[in-house]
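A note on names: the letters A, B, ... follow the listed sequences, proteins ahead of strands, and every chain is numbered from 1. For the numbers below, each heavy atom of this structure counts, side chains included, while hydrogens, waters and symmetry mates do not.
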Amino acid sequence: MTAEEEVVNGGAIEKPTLGARLLGANTFWIGLVLIALCVVFGVLEPTAFLTLFTVQTLLIETAVLLVLSVGMTFVIITGGIDLSVGSVLIFSGMVSAKAMEWVSGGSSTNAGWGVILFGLVVAIVAGTAWGILNGLLIAAAKIPPLIVTLGTLGAALGAASLLNNGSDIRTLPSTMRTTIGYGTSFGYVPNLVIVAVVLTLIGAWLLHTTVFGRHTFAVGSNAEAARRSGIGVTRHLTSIYTLTGALAGVAGFMSLAYFGSTTISAHSTDNLNAIAAVVMGGTSLFGGVGTVLGTVIGVFIPAVLKKGFNIIHVQDFWQMIAVGAVLIAAVWFDQQRRRSRNR
Amino acid sequence: MTAEEEVVNGGAIEKPTLGARLLGANTFWIGLVLIALCVVFGVLEPTAFLTLFTVQTLLIETAVLLVLSVGMTFVIITGGIDLSVGSVLIFSGMVSAKAMEWVSGGSSTNAGWGVILFGLVVAIVAGTAWGILNGLLIAAAKIPPLIVTLGTLGAALGAASLLNNGSDIRTLPSTMRTTIGYGTSFGYVPNLVIVAVVLTLIGAWLLHTTVFGRHTFAVGSNAEAARRSGIGVTRHLTSIYTLTGALAGVAGFMSLAYFGSTTISAHSTDNLNAIAAVVMGGTSLFGGVGTVLGTVIGVFIPAVLKKGFNIIHVQDFWQMIAVGAVLIAAVWFDQQRRRSRNR
Amino acid sequence: MPVLEAHELVKHYGSVEALRGADFTVNAGEVVALIGDNGAGKSTLVKCLSGVEQPDSGQILFEGAPIRLESPVAARRLGIETVYQDLAVAPELDPAANLFLGREVRRSGLLGKLGMLDKAEMRRRATAEFARLGVTLQRIDVPIGSLSGGQRQSVAVARSVVWASKVVFMDEPTAALGVVQRERVLDVIRRVRDEGMAVVLISHNMPEVLAVADRVEVLRLGRRVARFTAAEATLADLVGAMTGALTQEETR
Amino acid sequence: MPVLEAHELVKHYGSVEALRGADFTVNAGEVVALIGDNGAGKSTLVKCLSGVEQPDSGQILFEGAPIRLESPVAARRLGIETVYQDLAVAPELDPAANLFLGREVRRSGLLGKLGMLDKAEMRRRATAEFARLGVTLQRIDVPIGSLSGGQRQSVAVARSVVWASKVVFMDEPTAALGVVQRERVLDVIRRVRDEGMAVVLISHNMPEVLAVADRVEVLRLGRRVARFTAAEATLADLVGAMTGALTQEETR
Amino acid sequence: ACGGGQVGQTPGGSAGPAPGNKNLVLVPGVQNEPFYISMQCGAQQEAAKLGYKLDTQAPQKFDASLQTPIVNALGANKPAALLIAPTDDVAMATPMTTLKNMGVKIIEVDTALQDKSVAQSSISSNNAEGGKLAADTLAGLLKGQKGSVLVLDTIAGTSTTNARAKGFTDELAKYPNLKSVGVQFTQNEPDQAASKVTAALSSTPDLVGVFATNLNTGEGAATGLHNAGKIGKVKLVGFDASPSEVDGLKSGDFQALIAQDPAGIGKQGVDQAVAAVEGKPVQRTIDAPLVAITKDDMDSKSQYFYKSSC
Ligand SMILES: Nc1ncnc2c1ncn2[C@@H]1O[C@H](COP(=O)(O)OP(=O)(O)OP(=O)(O)O)[C@@H](O)[C@H]1O
Ligand SMILES: Nc1ncnc2c1ncn2[C@@H]1O[C@H](COP(=O)(O)OP(=O)(O)OP(=O)(O)O)[C@@H](O)[C@H]1O
Ligand SMILES: [Mg+2]
Ligand SMILES: [Mg+2]
């Protein structure tokens, strides 16, 4: 084959093979890391790690973070950041719990599906409201995302605390806990996980195959070029933060169902965990590149690690050190492979 | 004046006046916000807010964060981020306390200046070590700063906990507490504040007038251009994270002197606070622009706000909301003014 | 009748005066070359006329009626397209995605209504467009940031001519192009003109200007200082006007 | 004797082959024009020869001895300076800072030893350099990112000629320049050549190439396909070589 | 839903811990706290005595979302019994119930679930009582002096410290000479506690007492008072008796501490756990003692001091 042949008809040679595309995929190597981790723990503790129960709880425990991270992926691809997700989650849960109490006229412990659905809607609306606020301040008022979401991080938490005077609400419909919180479908699959998977699939579809997703990449790649190309950058950014807020609202409801409590004092590290998952998955903090699949892998690497360490009883302090080291090593390995592929 | 006159000799018209430069300075408007806050609280509570005591405690309480933020300014100007500063601070304090105990052969409560100085050196060395590790992983191994410092955030904290089996050391030289921790010089000025001010001035000098600072801006503005211009980007980035680590080490020692304890479970929000201060001061998270003066203002806006709110007895939850709102509003105001100046 | 006119546009950037009362006219069906020294304000003028920047004062007329171009979208809606000097492409996206940016082709049917992209179709049409401009790409699925300077510029040019209906601004579209590609672009300019559109060409290459333009307008220090009919102008005239040796219009 | 030679350089980017065994030679005291179609690999070749990229295979000889250029610093140490096509400037820094990037002037005395910059001196010298190239700046203390395209390019050109001692690579240095500035740059190229340095000029402007170059080397699809002495070459020869109509060197 | 079930209900019945399993696990509320370390020491000693092995696994923060995975992980390697300080009295019910359904015996130490049916025994000191004791102690220290009192709590929603603060405030109302300036939250950060104290000194010149509901707030409060030069002039009552607080008491930073008996709680927890495992009778609730320690009587109450390592 001479060079000539390759470039004749104005470019565009045919696509590389599936194998080459897989090897070339940004998520391939980091995915290998995840698989390696599972294998290692599986070998170390086959009877404990590779059990249905472990897998179920692993999935359930990551469900809430996964939903937050899907939203965060969109935000980071635009070159932004959202520190407020954890607080918005708590706020949504609190408002939802309050609303369910209110429509049940007191305790909502025995409320039925109507009330629960109402609670879900309220949670989504509450999350969406914060999302819109974030979006407008970032996109229209052009305040840096870090500052805006740091501000709403505090504000949403303060507002959530105000609503019930600083204490948690713990009287929630018991149906909600038993079905959504830790019920299963198809025999084995926790319902919470089904919700998370469905939302993740929708997110992946939206990001990778639709106009909305394309514009998300464009805004992150070069916002000025996007603007000049007639993309409503302000509007697009606003909808992305709104989407993230709405997902945080859903996550708030999921957390409510799971914990059966508004857990005001929890979720303080959700924002960093979500950001770390997204970045580990190969999304650049500078925007313009990223995948939802990468984020999923990025969510599971620390989760599997911590689960494995807990099962093999690694001491807390060593665990912290080891998790830190593996995070760095995983990304380093990924970078290394990708770089050599480009040689 | 015709247009011709202005551009005759190949460019470079004379410098604008001092007033114009002041108005044009990036830190002018956000500085106004700080002054406005002080005035408002001064008017609301003149007897409580505008007292020597309030000013002294305000300055002391921000000293540690200020030192961290100066280092963070360098990091963010290069387009990086350092989440590990709080943990490195704790680690340095812990190592330093251990070392002082060790050279005193048991409790160091009655140790003299020799031991204290030794402790300071150990703290700086410990911080520097983490800084070098961060720097090498980021600059040489090219792992994203967020991942690296998130990893070392956990690892440093785990290591600090390991050193004393998870509990704090509180037997520190009492001289250290009484002189460095809460002693004053020149009658009124707390010694801790003097340390912070000196370090800040050195930082400002380094950033704005030296080759080192110039290269910092260049690396953040366009790392590839810097590399092609013969700047050792790897080496420079490494030294910047090392510098930040060293400053975190000093901050660890200051915190030790201030609290008289290693406070393992504290400082978890120092990283975000420092980043917020830097960004509020006009430094871009994308690198290439920033000032130390801006950072100083960015450190004091939330500090003054919280102090003022505590003095006028704003309820905690409202306080969280208000602090969030003011952060956003301050930056918004700053942006607004800057934009109109460019019209 | 002029399709687009600018009167006395003024634009400051801080204390820098980029435009100091610039006038400009372009008629349908003609190629106007906008020339001037570096820093004369050509790109700034183009940005003002394509909605990217708002002038501080002055008037813009479109087909005789005063308009405000608040955003690039407003200009595009009027059929005004622009090749920017800095190209304004999204470096992480591939050439096809850049070509269709803001005007993505959707699938037919319900999926399209839901916003799903027809990536194959876009790639196919992009390949055809690039071939027409003589652009050679080894692979079409690489990010545009990794293309050579000329390849990148070709993508930007292709984008503008595909979508324009009234006016095309081209800010140094041939600066990085090879000899063949340059000829193709000049051909495209002529074709677009012949279809009745107005083309505004900015270039520092005087032979090229004289070859393709019908009229020439000269900007100097943020003001229009001369106008020529290309057929009657000589290279010396143009250079004289650009450097200030020759001024036709009065300095206010 | 050739000051810099390249043999059989190969460079891949993923599956894209930018160089497929390119040769190149430049002698001291001559201006060599490196020409070729868009995407021919000219910029890639320059990057390999100035230490920015490492070739996958092939040999580089400096003054007859094989060398490895691991980094731009290595090339600069040998006296090789480059104007990159994408300019490689720091957009947030001002023109003077960019001119002296990596080679800042320090104050005299202790403060200088401590690393303190002499900003006034750098600004003064920068102003003088820019005047020499005919660059007009309204203000010298603005970030280079806000300059016009031609102004920015002038800064990059100024930077390379100030520091070179052996070889200057100029990748399309005049693409965005005005008529006057272009002439100045060509003058500078001649002057540098006369001082005994080697200049490698990449340009798509054939008249310019024929006017200033002593020799011409033609790159096509990542290989050198022809060499000419400028005085003997015609425009048709050059275009023929670039488009593949004419090939001198055998295709391996 | 189709095939609806519950997590942890392994179809075909779950295998409980193997008979003769001698492993116990302690899951405290948070790592790095002398309170829990002392509890661990007491528990370990007792377990060793009874021929059992005790592992400890602590979450990084006092946070239900961090404690849940730890409890869930135990489902993989079932211990005979779990000793746990639930970080949320409702949220932790799910994972604990799951374990219980797998046959693991559950003993609550320090804190307890609202749902009394999960654990077989709960050993705890009453936090509200502790708050009351603190108020009485402070009033005693002040000897009728008039003035304002500040309460420093950790984070809204932390049940233990919230209860201490509430007990304190309620009891303080009985002393007409003392006026509460309210409960302030410190996010469990010493620097915020210090700042709240100095601000209170600025705005409330008649501040005479501070109640800090845990170690971090106490340390911060002491630092603030140091800064202001008000050590000893403003009475500081802390909760718990960690080594650092005991040092503080010795040096005069604290005027009184309300100590629990973590080692005792741990020991009794193990006793109950072993009893449950071996099918012997257990006691459903056990109240652990609380004591107020002042500088004067600290030597006689040294058995209440917490340890930072065993
Ligand atoms: N964003 C900006 N901020 C500050 N000054 C600017 C900005 N954009 C342009 N300028 C200044 O305005 C003047 C005109 O710039 P413009 O880009 O319009 O020139 P031009 O005629 O297109 O030049 P060239 O031929 O080099 O492209 C220049 O002096 C430039 O430095
Ligand atoms: N970083 C990169 N990644 C992938 N492909 C690249 C990269 N840089 C260059 N290429 C490809 O290599 C080939 C040669 O590019 P190069 O920039 O050397 O061309 P050139 O001769 O300088 O063209 P021009 O005249 O347009 O500047 C092109 O097909 C280009 O798409
Ligand atoms: Mg221009
Ligand atoms: Mg090139």
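- For the set Arg103(D), Arg132(D), Arg106(D), the entry with the most heavy-atom pairs within less than 4.5 Å of chain B is Arg106(D).
- Per-residue counts of heavy-atom pairs under 4.5 Å with chain D were compared for Val219(B), Leu206(B), Val289(B), Val211(B); the largest is that of Val211(B).
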Which pairs would a plain distance check flag for residues 131-140 of chain B, meaning a side-chain donor or acceptor within less than 3.5 Å of a matching protein atom at least two apart in sequence or in another chain?
from	atom 1	to	atom 2	distance (Å)
Asn134(B)	OD1	Thr152(B)	OG1	2.9
Asn134(B)	ND2	Ser84(B)	OG	3.1

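- Neither the backbone nor the side chain of Arg77(D) comes within contact range of chain B; no heavy atoms are under 4.5 Å apart.
- The only option from Val250(B), Ile194(B), Val70(B) that meets the side chain to side chain contact (heavy atoms under 4.5 Å, CB included) definition with Leu199(B) turns out to be Val250(B).
- With 3.5 Å as the limit, one finds no donor-acceptor pair spanning the side chains of Glu81(D) and Ser160(D).
- Heavy-atom distances place both the backbone and the side chain of Leu114(D) under 4.5 Å from chain B.
- Both the sub-6.0 Å distance and the 45° axial angle are not jointly satisfied by Arg125(D) relative to the ring of Phe100(D).
- The most heavy-atom pairs under 4.5 Å with chain B, out of Asp86(D), Leu111(D), Leu87(D), come from Asp86(D).
- In this view, Phe253(B) satisfies the ring-ring contact (aromatic ring centres under 6.0 Å, His included) rule with no residue, not counting sequence neighbours.
- Between chain D and the residues Ala223(B), Ala225(B), Ser221(B), the most heavy-atom pairs under 4.5 angstrom are made by Ser221(B).
- Screening Ile77(B), Thr244(B), Val85(B) against Met72(B) for a side chain to side chain contact (heavy atoms under 4.5 Å, CB included) leaves a single residue, Val85(B).
- Residue with the most contacts toward chain B among Leu93(D), Leu133(D), Thr82(D): Leu93(D) (heavy-atom pairs, distance under 4.5 Å).
- Contacts of Val89(D) with chain B are made by backbone atoms alone, with heavy-atom separations under 4.5 Å and no side-chain atom involved.
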